[in-house]
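Structure first, commentary second.
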Amino acid sequence: MENKKLEQLQKYTINNEEKAGLTTNQGLKMAEDEFSLKAGERGPTLMEDFHFREKMTHFDHERIPERVVHARGVGAHGIFQLYESLADYTKADFLTDPSKTTPVFVRFSTVQGSRGSSDTVRDVRGFATKFYTDEGNFDLVGNNMPVFFIQDAIKFPDFVHAVKPEPHNEIPQGASAHDTFWDFIGQNPESAHMVMWHMSDRAIPRSLRMMEGFGVHTFRLINADGQAHFVKFHWKPALGVHSLVWDEAQRIAGKNPDFHRQDLYEAIEKGDFPEWELGLQLIPEEDEHKFDFDILDPTKLWPEEEVPVKIVGKMTLNRNVDNFFAETEQVAFHPGHVVPGIDFSNDPLLQGRLFSYTDTQLSRLGGPNFHQIPINQPVCPFHNNQRDGMHQMNIHHGQTSYHRNGLNANQPKPVPADQGGYEHYQEKIDGRKIRGRSESFRDFYSQAKLFYNSLSPFEQRHLKDALSFELGKCKSDAVKANAVALLNHIDRELAEETAENIGAPIPKENCEVTSSKKSPALSMVNTISKPDTKSVAILLNGEPDVELLTTWLGTFAKHKINYSIVDKKLRSLNQTVKVTDTYETTDSSLFDAALLISSEPIIQTPALEFIQTTYKHYKPLAVSLSNPNALEGSRINLEGPGIYHIITSTIQPFIEGIAEGRFWNRML
Ligand code: HDD
């Protein structure tokens with residue numbers, strides 16, 4: 001299939017295998033690359049060694065500043081396909097022509113940690129998509145949570161300083177469980193709603209492929225008649241929304257810090273292309289004030305039951321990058337990259353973002369020409385009167401480089417709106433210049449409560465435990481007390497339990513906001529569950545029946561379930577079936593389920609801990625025991641939920657268990 005972006009990138013791709021030999025950057029073939037030029041075999045290196053100088057200088061400058069937030073990330077290429085024309089709402093070409101396939105590049109990220117931090121930390125995940133449309137790049141720079149910590153961009157540097165590792169000792173890495181973060185939260189009650197999301201299971205996704213994405217802000221869509229709708233953008237994952245459990249997430253952070261990155265890479269390499277549907281929530285301009293929240297407030301979501309999500313297209317990620325630095329590290333997103341038919345709202349967080357993103361690239365990518373880096377170039381032509389600057393790659397031909405020139409018929413000249421030129425929505429503004437916040441932004445707690453009310457009992461349990469963990473890590477009594485005071489506005493029982501667990505005083509007065517409203521769409525219980533692309537560890541303890549095992553492997557493959565065979569040593573079971581991991585090289589936390597094939601007692605074997613943690617993390621566990629006493633002393637309730645005894649060749653119930661995912665009723 002034609003993909004304009006990939007064709008464009010091809011021109012810049014250098015394939016080492018095809019090259020004749022090693023040259024300097026000046027094209028000079030080099031006969032030697034191992035020894036510097038010396039005055040005598042044991043003498044000093046000579047300044048004239050241009051090859052040494054060039055090689056070393058380039059190496060010395062290989063690193064660029066990491067992103068000030070969202071430093072750790074992973075990217076992939078893909079396509080976006082529209083289902084039906086949205087011409088009623090927007091004139092954006094890529095949203096009106098369903099026959100077009102738009103190339104995309106997505107970068108997922110964590111927020112707090114640095115480039116080398118672990119993937120599975122408790123954090124918000126960035127979900128940034130660049131659509132390379134025929135009318136220019138449109139960037140949807142979102143997160144996996146629909147709201148944000150602050151209402152006004154002027155607080156962003158303060159928030160980031162608070163959540164990042166503390167300045168005096170650069171601790172902690174990849175974690176918000178520390179005093180400055182919780183101090184900020186306690187002092188800034190507008191963060192109440194977002195902190196509930198941050199403490200929920202959404203902050204520890206099972207896979208980047210199993211997260212929702214949200215544009216967060218309210219944007220505007222404008223149709224060809226100039227009519228506007230407010231819009232919120234959503235990504236809905238085809239595999240549903242799934243999370244890790246906290247103990248598992250922490251374990252994975254050590255066992256495989258690249259867990260999410262590797263999961264995405266391997267799924268794409270295997271051809272299990274991750275998919276998301278694009279959804280829009282739309283509110284006509286005239287309905288702006290019809291809700292019990294301000295639609296410009298980025299700490300508020302639009303409950304899906306009140307404003308339904310219209311599914312309009314599908315994104316498929318189908319190609320890994322060729323080079324991480326060139327593509328994933330150098331990609332530069334910006335919420336201000338829009339196309340005709342998409343415009344901004346007055347959300348004060350969005351307005352501030354419109355400044356920050358270009359500005360940050362100047363120091364990160366070293367100058368004003370970062371749009372010429374291959375991954376950032378639009379697939380349509382671009383030209384204007386901007387010239388020169390660091391790393392200018394283009395040769396601008398001609399005498400003029402200014403608007404209103406007579407020498408070159410004023411080329412390149414502005415394009416009228418009816419020929420595709422961008423025109424801003426002519427919103428009427430009438431007000432005084434003030435530094436302040438609208439009264440309509442002041443309800444900090446109702447939606448925090450709505451979110452909490454909407455969670456299932458086990459999700460609420462996890463959220464409570466997360467709060468006790470995070471605040472339990474704080475040292476300052478005042479910070480803990482303030483955080484509890486904030487919770488006391490959301491849910492009294494939550495505040496009481498947290499206070500007790502962290503040794504903070506229980507606030508005298510109950511300030512809980514009164515609301516029993518729920519939004520079922522906010523609970524992960526109501527998500528899609530499939531066995532596809534999940535993984536099962538097949539644990540050997542003794543000799544397996546290889547023929548039977550082979551039929552099971554066939555069933556797993558049929559259901560697109562990935563598997564590893566784990567034993568004490570790597571070995572071949574027959575010509576095709578091999579042990580792929582040892583108990584040393586892998587861990588139960590890296591799988592969604594386990595199947596134990598045991599002909600020997602399990603006590604005092606590494607398989608025992610494996611199945612105990614599988615059980616502890618609520619995952620399905622199947623046992624095939626040729627020795628009926630094999631599990632004696634394992635302290636696993638073999639009659640418990642999500643445990644399968646495989647006696648015959650049928651493993652179908654286990655497959656269904658893998659689809660279901662977790663057996664939370666083990667908590668009871
Ligand atoms: Fe931001 C990066 C998402 C608020 C300033 N942001 C960045 C990335 C994502 C988001 C996904 C990583 C992009 C990539 O992969 O390269 N940011 C958000 C969302 C926000 C948000 C969903 C709230 C709704 N951000 C926000 C504010 C500001 C910034 C209020 C400043 C006014 N964000 C930045 C930045 C970053 C960034 C400093 C760092 C690296 C970059 O831009 O390219 O400019």
Side-chain angles (χ1 to χ4, degrees), residues 64-77 104-115 123-130 137 139-164 184 188 190-191 193-194 197-198 202-203 205 208 211-219 232-235 260-261 264 295-301 317 321 324-337 344-366 370-371 373 375-376:
I64 61 169
E66 66 175 31
R67 288 167 174 83
V68 58
V69 279
H70 296 265
R72 179 157 180 92
V74 56
H77 293 274
V104 296
F105 186 77
V106 175
R107 183 173 179 273
F108 300 106
S109 47
T110 52
V111 178
Q112 198 264 12
S114 53
R115 258 192 78 180
D123 201 350
V124 181
R125 297 301 184 285
F127 190 144
T129 310
K130 197 180 276 294
N137 292 345
D139 291 356
L140 185 55
V141 196
N143 281 338
N144 74 330
M145 298 177 191
V147 288
F148 202 65
F149 290 98
I150 47 173
Q151 293 174 324
D152 191 317
I154 200 168
K155 288 189 174 193
F156 190 69
D158 304 303
F159 166 69
V160 174
H161 287 174
V163 68
K164 278 275 185 178
F184 183 92
N188 290 273
E190 73 208 62
S191 62
H193 186 191
M194 180 62 166
W197 281 81
H198 186 53
R202 302 272 184 149
L208 302 169
M211 312 187 304
E212 283 182 299
F214 302 89
V216 180
H217 306 287
T218 298
F219 286 83
K232 278 199 192 279
F233 294 99
H234 295 245
W235 289 116
H260 282 152
R261 181 179 281 202
L264 182 73
I295 66 164
L296 299 184
D297 177 355
T299 67
K300 303 292 182 304
L301 51 84
L317 297 184
V321 297
F324 186 91
F325 180 85
E327 300 173 73
T328 308
E329 194 59 16
Q330 293 202 106
V331 68
F333 292 93
H334 187 348
H337 292 165
F344 313 113
S345 73
N346 296 332
D347 169 349
L349 192 70
L350 172 60
Q351 291 284 322
R353 287 180 80 192
L354 298 179
F355 167 74
S356 183
Y357 286 70
T358 306
D359 188 47
T360 202
Q361 314 307 345
L362 296 179
S363 71
R364 196 171 75 79
L365 298 172
F370 60 86
H371 59 281
I373 295 172
I375 192 69
N376 294 325

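Computed from heavy atoms alone, side chains included, the values below leave out hydrogens, waters and symmetry copies. One-based numbering, in listed order, for ligands and for the atoms of each.
Using modelled atom types, one finds no donor on one side chain facing an acceptor on the other under 3.5 Å when comparing R107 with H70. Neither side chain, Q330 nor N376, offers a donor N or O lying under 3.5 Å from an acceptor on the other. Residues H77 and E327 have side chains that bring a donor and an acceptor to within less than 3.5 angstrom of each other.
When F148, F333, F108, F127 are ranked by how near their heavy atoms come to atom 23 (C) of ligand 1, first place goes to F148. Of all the listed residues (F149, F156, F214, F159), F156 holds the heavy atom that lies closest to atom 26 (C) of ligand 1.
When each of V106, D139, V141 is tested with T129 by the rule side chain to side chain contact (heavy atoms under 4.5 Å, CB included), just one qualifies, namely V106.
The closest approach between any non-hydrogen atom of G142 and ligand 1 is below 4.0 Å.
Within ligand 1, counting atoms from 1 as listed, the ones closer than 4.0 Å to a heavy atom of H217 are 23 (C), 24 (C). Short contacts between ligand 1 and L349, defined as distances under 4.0 Å to a heavy atom of the residue, involve ligand atoms 23 (C), 24 (C), 30 (C). Close contacts of ligand 1 with Q361, meaning ligand atoms under 4.0 Å from a residue heavy atom, involve 41 (C), 43 (O). Heavy-atom contacts of V68 reach the following atoms of ligand 1: 38 (C), 39 (C) (cutoff under 4.0 Å). The contact set between ligand 1 and V216, taken as ligand atoms under 4.0 Å from a residue heavy atom, comprises 22 (C), 24 (C).
The single protein non-hydrogen atom nearest to atom 3 (C) of ligand 1 is R353 NH2, 3.3 Å, given as residue, atom name and distance. Counting only heavy atoms of the protein, atom 7 (C) of ligand 1 lies nearest to H70 CD2, 3.2 Å. The protein atom (non-hydrogen) at minimum distance from atom 16 (O) of ligand 1 is R67 NE, 2.7 Å. At the shortest separation from atom 15 (O) of ligand 1 among protein heavy atoms lies R107 NH1, 2.7 Å. The shortest contact between atom 36 (C) of ligand 1 and any protein heavy atom is with Y357 CE2, 3.9 Å.
Relative orientation of the W197 and F214 rings is perpendicular, given thresholds of 30° and 60° on the angle between their planes. Note on ring orientation: taking the six-membered ring where Trp is involved, the planes of H217 and F219 are perpendicular (angle over 60°, cut-offs 30° and 60°).
Counting heavy atoms of neighbouring residues, nucleotides and ligands inside a 6.0 Å radius, atom CD1 of I154 does not exceed 12 of them. Crowding of F355 atom CZ: a count of heavy atoms from other residues, nucleotides or ligands under 6.0 Å not exceeding 12.
Contacts between H334 and ligand 1, counted as non-hydrogen atom pairs separated by less than 4.0 Å, are absent for every part of the residue. At a 4.0 Å heavy-atom cut-off, ligand 1 touches T360 through the side chain alone. In N143, the parts holding a heavy atom less than 4.0 Å from any atom of ligand 1 are both the side chain and the backbone.
For F333 and Y357, the distance between ring centers is not under 6.0 angstrom.
Using a 4.5 Å cut-off on side-chain heavy atoms (C-beta onward), N188 and F149 make no contact.
In this structure, R364 and E66 approach most closely via the heavy-atom pair CD-C, 4.4 Å.
Counting backbone and side-chain atoms alike, S356 contributes no N/O/S atom closer than 2.8 Å to atom 1 (Fe) of ligand 1.
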